[in-house]
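Labels below follow one simple rule: chain letters A, B, ... track the order of the sequence lines, proteins then strands, and each chain is numbered from 1. Since the structure is predicted, the reported quantities are computational estimates derived from the model, not experimental observations.
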2 protein chains.
Amino acid sequence: MGITKSTQFTKNQNRKAELYKALGHPARIAIIEFVINQDSCVCGDIVDEIPLSQSTISQHLKELKKVGIIKGDIEGVKTCYCIDDKVWSELDDVSRLFMSSYSEKDKCC
Amino acid sequence: MGITKSTQFTKNQNRKAELYKALGHPARIAIIEFVINQDSCVCGDIVDEIPLSQSTISQHLKELKKVGIIKGDIEGVKTCYCIDDKVWSELDDVSRLFMSSYSEKDKCC
DNA sequence: TTATTTAATCGTAATATTGCGATAGAATAA
DNA sequence: TTATTCTATCGCAATATTACGATTAAATAA
């Protein structure tokens, strides 16, 4: 198959998985780290930084944009990508909640 | 292709992506939530809870075990799955660090 | 012993992902 | 205008993922 049975799960579970899935590739982690650490967030600079082809990076950017983690700003011929505050904050909330839902004393085996 | 060029990225980036990728499926989120919220963590109970076949769930458990998030304890004919404290704590650290590496004032566009 | 229960694994099919080169389109420069 | 620059998208190939039924293997029960 290769198709995920999303209908079987809650909205919350699906969204959580979707966000984490977007982070589930080293190139996308590298892109996010670069965008955060640089003043520049121009697409071309990302392409120079990350050892993958321009088309591949464009695709990864698209995926990150799809879940909302980054947003693209067309500035003339260039596109500037940056973190979307709202979704980054959502991701922070989701992660904190998820991580804190377990504590070592819950251990059952 | 479909193959990830891991060699191009840092150990840290690859590990981060690997952990998030494991969380990037609603069934695996549901499994983790179930294991955390129930006293029971027996495989059969997970199969009863989650609307996917036994073999599919077994595969998801295998993936979670691969990155270390859960560990399985064979108890006679049953297997008890639970969170691996060390990896859960790693995930917590990784997430906190990653999330806090960006703050709204970094915005460049 | 033989049956049953439990969970892992195998085999298979369908779909998704990753990656690249080529191309297209839009904005700017010459 | 024409050329150039920049990025998105298309088309393709290779690999990965998801899902299921069937089977296997191991432990326990009858």
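Residues A:I3 and A:H60 each lie close to DNA chain C; by heavy-atom proximity, the contact nearer the 5' end of the strand is made by A:I3. Comparing A:L52 and B:T79, the nucleotide of DNA chain C nearest to each residue sits closer to the 5' end for B:T79.
For the pair B:E33/A:F98, a side-chain contact is recorded, criterion being any heavy-atom separation below 4.5 Å from C-beta on. When side chains are defined from C-beta on, B:L23 does not count as touching B:R28, because their heavy atoms never get closer than 4.5 Å.
Regarding A:E63, its CD atom lies at a distance of 10 Å from the P atom of C:dG19, rounded to whole Å. With rounding to whole Å, A:I74 atom CD1 is found 7 Å from D:dA8 atom P. When the P atom of D:dC6 is taken as reference, atom CG of A:L61 falls 16 Å away, rounded to whole Å. Computed from coordinates, the A:K65 NZ to D:dT7 C1' distance equals 10 Å when rounded to whole Å. The separation between A:K66 atom NZ and D:dT9 atom C1' is 16 Å, rounded to whole Å. The OH atom of A:Y20 sits 21 Å away from the C1' atom of C:dT17 (whole-angstrom rounding). Look at CD1 on B:I57: it is 12 Å from P on D:dG21, rounded to the nearest Å. Atom P of nucleotide D:dT15 and atom NZ of B:K5 are separated by 14 Å, given to the nearest angstrom.
An OP1 or OP2 oxygen of D:dT7 is reached within less than 4.0 angstrom by no side-chain nitrogen or oxygen of A:K62. Under 4.0 angstrom from either OP1 or OP2 of C:dA16 there lies no side-chain N or O belonging to A:K21. At C:dA7, none of the side-chain N or O atoms of B:S58 fall inside 4.0 Å of OP1 or OP2 (strictly under the cut-off). Distances shorter than 4.0 Å separate none of the side-chain N or O atoms of B:S55 from OP1 or OP2 on D:dC20. At the phosphate of C:dT28, neither OP1 nor OP2 sits under 4.0 Å from any side-chain N or O atom of A:K78. Applying the 4.0 Å criterion to OP1 and OP2 of D:dC20, one finds that B:T56 has a side-chain N or O inside that range.
In terms of modelled atom types and a separation under 3.5 Å, the side chain of A:W88 and the main chain of A:I69 share no donor-acceptor contact.
Between the side chains of B:S53 and B:T56, at least one donor N or O lies within less than 3.5 Å of an accepting N or O. Side chains of B:D73 and B:Y81: a donor-acceptor N/O pair is absent below 3.5 angstrom, by distance only.
You won't find any donor-acceptor pair under 3.5 Å spanning the side chain of A:E75 and the base of D:dC6, going by distance alone. Scanning atom types as modelled, no donor and acceptor separated by under 3.5 angstrom connect the side chain of A:S53 and the base of C:dG19. For a distance-only test at 3.5 Å, the side chain of B:Q54 qualifies as a donor-acceptor partner of the base of C:dA8.
Closest to the B:Q59 side chain, of the nucleotides C:dC20, D:dC20, C:dA27, is D:dC20.
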